[in-house]
Amino acid sequence: MEQNKIKTWLPVLLSLSMIAGIFFGYKMRDSVPGKSFFFMEKRRPVQEILDLVESRYVDEVNINDLSDTAIAAMLSHLDPHSSFIPAEKLANVNEDIQGSFYGIGIEFNIFKDTLHVINVLEDGPSFDAGLRTGDKILKAGDSVLSGKKVTQERIRNVLRGPLGSVINVQLLRGNKIVNLPITRGVIPLASLDAAYMMDSSIGYIRLNKFSTQTYKEFMTALLELKKQGLKKLILDLRGNGGGVLDEAVEIADEFIAGDRLITYTEGKHVKRKEYRCRREGRFETGELVVLADEGTASASEILMGALQDWDRATIIGKRSFGKGLVQEQYDLSDKSALRLTVARYYTPLGRSIQRSYAHGGTAYYDEIYARFDPGFQDSLVADSSKKFKTRGGKVLYGGGGIYPDVYISRDTARLSNTLSKLYGTGVLSDYGYRYIILHEDMVNKYKTPRSFVNAYTITDENWKLLQHLAAEDSVDISGISAKDKDYLKQVLKSSIARQ
């Protein structure tokens with residue numbers, strides 16, 4: 001009898017369970033990216049069109065490229081910073097954020113179809129294997145790395161690989177062929193370009209980005225400068241396009257006292273999230289100056305905005321880029337990724353520094369290019385209806401980037417055509433390496449940068465080499481002005497100093 005009752009009610013119980021599952025599944029769909037909870041969801045026209053093109057189009061089509069183009073077109077209607085990253089480019093993009101990659105640890109350039117080792121990372125894989133500056137790499141593994149078809153991208157792809165993997169390199173050292181096995185290791189991508197004392201009390205630190213290693217690099221430099229008597233600091237963020245938000249917040253915490261707000265983010269689907277000071281900073285009272293320009297963006301602006309709102313620093317330079325949007329990265333099934341804007345960030349006073357992108361991405365970036373025009377007169381593109389006042393009484397605005405406390409107009413003295421050509425060919429950036437190869441004894445002659453600055457002078461020999469290298473790229477420097485020649489001598493000396 002009991003068994004018959006169970007048989008009677010079992011279908012009903014199963015039906016109720018299914019209905020309950022569908023109901024809760026429907027309620028859960030909002031927590032699933034894309035909201036595609038049911039497999040039976042109606043297919044979108046975009047996918048239908050791609051399927052039809054793949055199955056019915058008259059000619060052969062690379063459907064993956066077509067799909068990437070469709071995605072890019074769709075994102076262009078959102079904001080200038082939401083972007084699709086194809087699978088083949090994702091690794092390089094992530095490396096920049098992580099602050100490292102797996103490789104052999106060299107700087108290189110291509111001269112006359114040959115790969116030259118410009119610099120070997122000290123204590124890196126190539127350094128340990130015995131590779132030297134000036135070596136010419138002919139092959140790596142089975143790949144020939146010389147000839148007209150060799151490119152920088154191809155070389156990078158060959159030399160990079162899994163951590164701990166070995167690549168056999170064949171190189172030319174002088175007139176001798178040398179074979180070296182090199183074990184790939186972790187190669188840091190430094191975000192700190194320079195850190196030194198300008199005099200007995202003023203220090204200088206330059207950051208080129210905010211990767212996951214930036215705070216660590218910054219603190220190492222800051223503590224070393226404090227040992228040398230640091231009282232005042234110049235933080236150079238010119239050209240720093242941003243990166244990892246948390247790293248900028250950590251650095252801000254070193255400058256701002258108490259538990260003050262550094263920034264907060266908020267979006268339609270993202271609740272307000274505050275980032276506050278959490279500890280006693282190592283430079284909360286010393287005088288602080290921040291250098292900025294139109295290339296200073298994103299995380300750099302978060303840092304500057306907090307310092308400016310709390311009257312903690314003097315911002316000097318030009319108006320910053322004006323990027324106040326927060327992107328979140330979503331990995332996709334084909335190993336590509338979507339960086340989608342999910343929130344806006346605000347300064348402690350509530351300023352949004354995001355520039356308008358109402359006229360599209362092209363106009364958005366053209367506004368930056370316009371600032372390089374010699375006749376450009378900068379003014380803050382802001383929502384003047386929203387004024388913000390700091391505790392110290394300074395009036396600030398939002399909506400057009402961080403406007404500096406001390407504005408430095410652009411130098412309108414343009415480079416001559418000859419100097420522009422030299423920069424364009426790469427002759428000036430490569431000069432130091434080409435000179436050192438001919439004068440290897442110089443490497444051990446100068447023990448410190450200051451001894452080099454004080455003792456080394458550009459001679460006629462330097463100038464003749466420059467003339468020769470420039471002529472190889474069809475640039476004649478014989479008739480340049482005395483002013484340009486003096487400028488070039490400084491550039492040559494700095495190029496040699498770096499090498």
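All heavy atoms count here, side chains included; hydrogens, waters and symmetry mates do not.
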Inset, instruction - Sequence neighbours left out, what passes ring-ring contact (aromatic ring centres under 6.0 Å, His included) with Tyr407? Give chain and number order. - result: Tyr403

Inset, instruction - Could you list the residues that satisfy side chain to side chain donor-acceptor pair (under 3.5 Å) with Arg173, not counting sequence neighbours? - result: Asp135

Legend entry - salt bridge (charged side-chain N to carboxylate O under 4.0 Å, His left out) against Glu461, all qualifying residues, sequence neighbours excluded: none

Inset, instruction - On the 0 to 90° scale, with breaks at 30° and 60°, tag the His116-Phe111 ring pair as parallel, tilted or perpendicular. - result: perpendicular

Legend entry - No-hydrogen, no-angle side-chain donor-acceptor test under 3.5 Å, Asn64 and Ser67: no

Legend entry - Lys112/Glu472 salt bridge by N-O under 4.0 Å criterion: yes

Legend entry - CD/Glu440: more than 12 non-hydrogen atoms of other groups inside 6.0 Å: no

Legend entry - Residues, nucleotides or ligands: over 12 heavy atoms within 6.0 Å of Tyr102 OH: no

Inset, instruction - Take atom CG of Asp486 as the centre, draw a 6.0 Å sphere, and report whether it contains more than 12 heavy atoms from other residues, nucleotides or ligands. - result: yes

Inset, instruction - Taking atom CG of Asn417 as the centre, report whether more than 12 heavy atoms of other residues, nucleotides or ligands fall under 6.0 Å from it. - result: no

Legend entry - Glu367/Arg355 ion pair, N-O < 4.0 Å: yes

Inset, instruction - Among residues two or more places apart or on two chains, list those pairs meeting ring pair (Phe, Tyr, Trp, His ring centres under 6.0 Å) that have a residue in residues 77-99. - result: His81-Tyr364

Legend entry - Carboxylate-amine/guanidinium proximity below 4.0 Å for Glu107 and Arg156: no

Legend entry - Ion pair check, Glu95 and Arg160, cut-off under 4.0 Å: yes

Legend entry - Cation-aromatic face contact Arg339/Tyr330, 6.0 Å, 45 degrees: no

Legend entry - Test side chain to side chain donor-acceptor pair (under 3.5 Å) applied to Asp193 - qualifying residues, sequence neighbours left out: Arg206, Asn208

Legend entry - Lys209: partners by salt bridge (charged side-chain N to carboxylate O under 4.0 Å, His left out), with sequence neighbours left out: Asp96

